[in-house]
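First comes the structure, then the notes that go with it.
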Amino acid sequence: MGHVHRATAWREVLEDPIRGRDGKPRTSGLTMVIDKGLGLAQTRDLLELASDYIDLLKISFGTSALYPETLLREKISLIKAFNVDVCPGGTLLEIALWQRRLEPFLDRAADLGFNYIEVSDGTVPLTRDLRRKAILQSLAAGFTVVTEVGKKDPSDSMPPGFLCRQAEEDLAAGASAVVVEARESGTGVGIYREDGSVKEGELAEMVARIG
């Protein structure tokens, strides 16, 4: 078992509040943080404080398209220097697929320093073949792939059986993990009810089928 590498201030006085958490690289207890546009100083502050607990930082909602290139490169380099993986989020990949620019998108993502790719269809619908193609091409380009199942719009909610099948297909294609869509609010989307409680029956069904 690994451990958090940096000594904490209360280690000899109080018991660790998260005993048993593996150190990096982890295969369970993974934490992905959504970055909605932090500047360099804010990013460094976050990483200096919490990088031991963060496995993947996702620059979300297509916001990396708004960064000056030199700033984005510096930010990605900073994130990786703290042993945190970094991803441009699924929205940009959906746009790239919609514009039929997947290959140049992956080339540029690699050149910028991203090492994870998220494949999703939360906004732009993808066929099963196109989704699989995106996973396989991302893997071939050297990325670790995380996929996302489900829709961002509550009116497009999908039954657990469909989400399970999609997750199984993604994992079979080589995805390292599958995220169930819930938006950052965790209310009224995916396996969450409007009050933020989990639809435990649906979750149990997914766990029983996928593991």
Side-chain angles (χ1 to χ4, degrees), residues 1-64 66-67 70-93 109-120 138-139 141-149 167 170-171 174-187 190-192 196 198 203 206-207 210-211:
M1 179 178 291
H3 57 85
V4 173
H5 299 293
R6 295 181 295 179
T8 54
W10 297 98
R11 64 190 180 281
E12 297 171 353
V13 179
L14 302 175
E15 293 183 1
D16 191 331
I18 50 172
R19 288 173 298 177
R21 182 184 177 92
D22 288 345
K24 294 181 179 181
R26 283 182 278 269
T27 57
S28 64
L30 299 173
T31 298
M32 178 178 69
V33 170
I34 295 175
D35 177 328
K36 294 188 274 190
L38 297 179
L40 274 181
Q42 292 173 305
T43 302
R44 182 179 293 278
D45 285 346
L46 172 65
L47 294 168
E48 286 178 346
L49 178 65
S51 62
D52 286 332
Y53 310 103
I54 300 172
D55 299 287
L56 175 63
L57 194 147
K58 180 169 74 169
I59 304 179
S60 293
F61 309 124
T63 54
S64 65
L66 305 176
Y67 284 65
T70 54
L71 180 61
L72 181 58
R73 288 182 182 275
E74 189 173 353
K75 177 168 178 170
I76 292 169
S77 179
L78 174 65
I79 294 166
K80 291 166 72 176
F82 278 86
N83 194 26
V84 174
D85 295 312
V86 59
C87 169
T91 302
L92 283 184
L93 180 127
D111 177 63
L112 290 169
F114 289 106
N115 60 348
Y116 266 65
I117 288 293
E118 180 184 78
V119 175
S120 64
S138 297
L139 291 169
F143 294 99
T144 301
V145 176
V146 172
T147 67
E148 188 174 75
V149 297
D170 291 351
L171 292 168
S176 65
V178 178
V179 177
V180 179
E181 175 67 74
R183 305 222 67 166
E184 73 278 15
S185 66
T187 55
I191 58 169
Y192 289 91
V198 175
L203 177 60
M206 296 185 75
V207 170
I210 300 171

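All values reported here derive from a predicted model rather than from experimental measurement.
Put simply, the side chain of I210 reaches to within 4.5 Å of the side chain of L171, judged on heavy atoms. In this structure, the side chains of V119 and D170 stay at 4.5 Å or more apart for every pair of heavy atoms. You'll find the side chain of L78 reaches within 4.5 Å of the side chain of T43, heavy atoms only. Residues I54 and F82 are not in side-chain contact: their nearest non-hydrogen atoms beyond the backbone lie 4.5 Å or more apart. Considering only heavy atoms from C-beta on, L92 comes within 4.5 Å of S64 through its side chain. Looking at V198 and Y192, their side chains come closer than 4.5 Å, going by heavy atoms from C-beta outward. At least one side-chain heavy atom of L40 sits less than 4.5 Å from a side-chain heavy atom of L71. In this structure the side chain of I59 reaches within 4.5 angstrom of the side chain of F114, judged on heavy atoms.
Here the side chain of T63 pairs no donor or acceptor atom with the backbone of F61 at under 3.5 angstrom. Of the possible polar contacts, none joining the D55 side chain to the M32 backbone as a donor-acceptor pair under 3.5 Å is found. Of the possible donor and acceptor atoms, none in the side chain of T147 sits under 3.5 Å from a partner among the backbone N and O of S120.
Here the closest heavy-atom approach between residue F143 and residue A110 is recorded as CZ-N, 3.4 Å. Considering all non-hydrogen atoms of both residues, V86 and G113 come closest at CG1-O, 4.2 Å. For the residue pair V84 and K24, the shortest heavy atom distance occurs at CG2-NZ, 3.5 Å. T91 and G62 make their closest contact through CB-N, 4.1 Å (heavy atoms, listed as atom of the first residue, atom of the second, distance). Contact detail for A167 and V149: the closest heavy-atom pair is N-CG1, 4.1 Å. In this structure, K75 and L38 approach most closely via the heavy-atom pair NZ-O, 2.7 Å.
Within a 6.0 Å radius of CD in E15, no more than 12 heavy atoms belonging to other residues, nucleotides or ligands are found.
Atom-to-atom distance recorded for S60:OG and D35:CG is 7.0 Å, nearest 0.5 angstrom. Rounding to the nearest 0.5 angstrom, the gap separating the OH atom in Y67 from the CG atom in L112 is 12.0 Å. Of the inter-residue distances, the one linking L72 atom CG with S77 atom OG reads 11.0 Å to the nearest 0.5 angstrom.
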Legend entry - side-chain contact (heavy atoms from CB on, under 4.5 Å) between L30 and L56, worked out: CA-CA 8 Å; L30 299 173; L56 175 63; over 6 Å; no
Inset, instruction - I would like to know whether T144 and N115 meet side-chain contact (heavy atoms from CB on, under 4.5 Å); could you show each step before the answer? - result: CA-CA 7 Å; T144 301; N115 60 348; over 6 Å; no
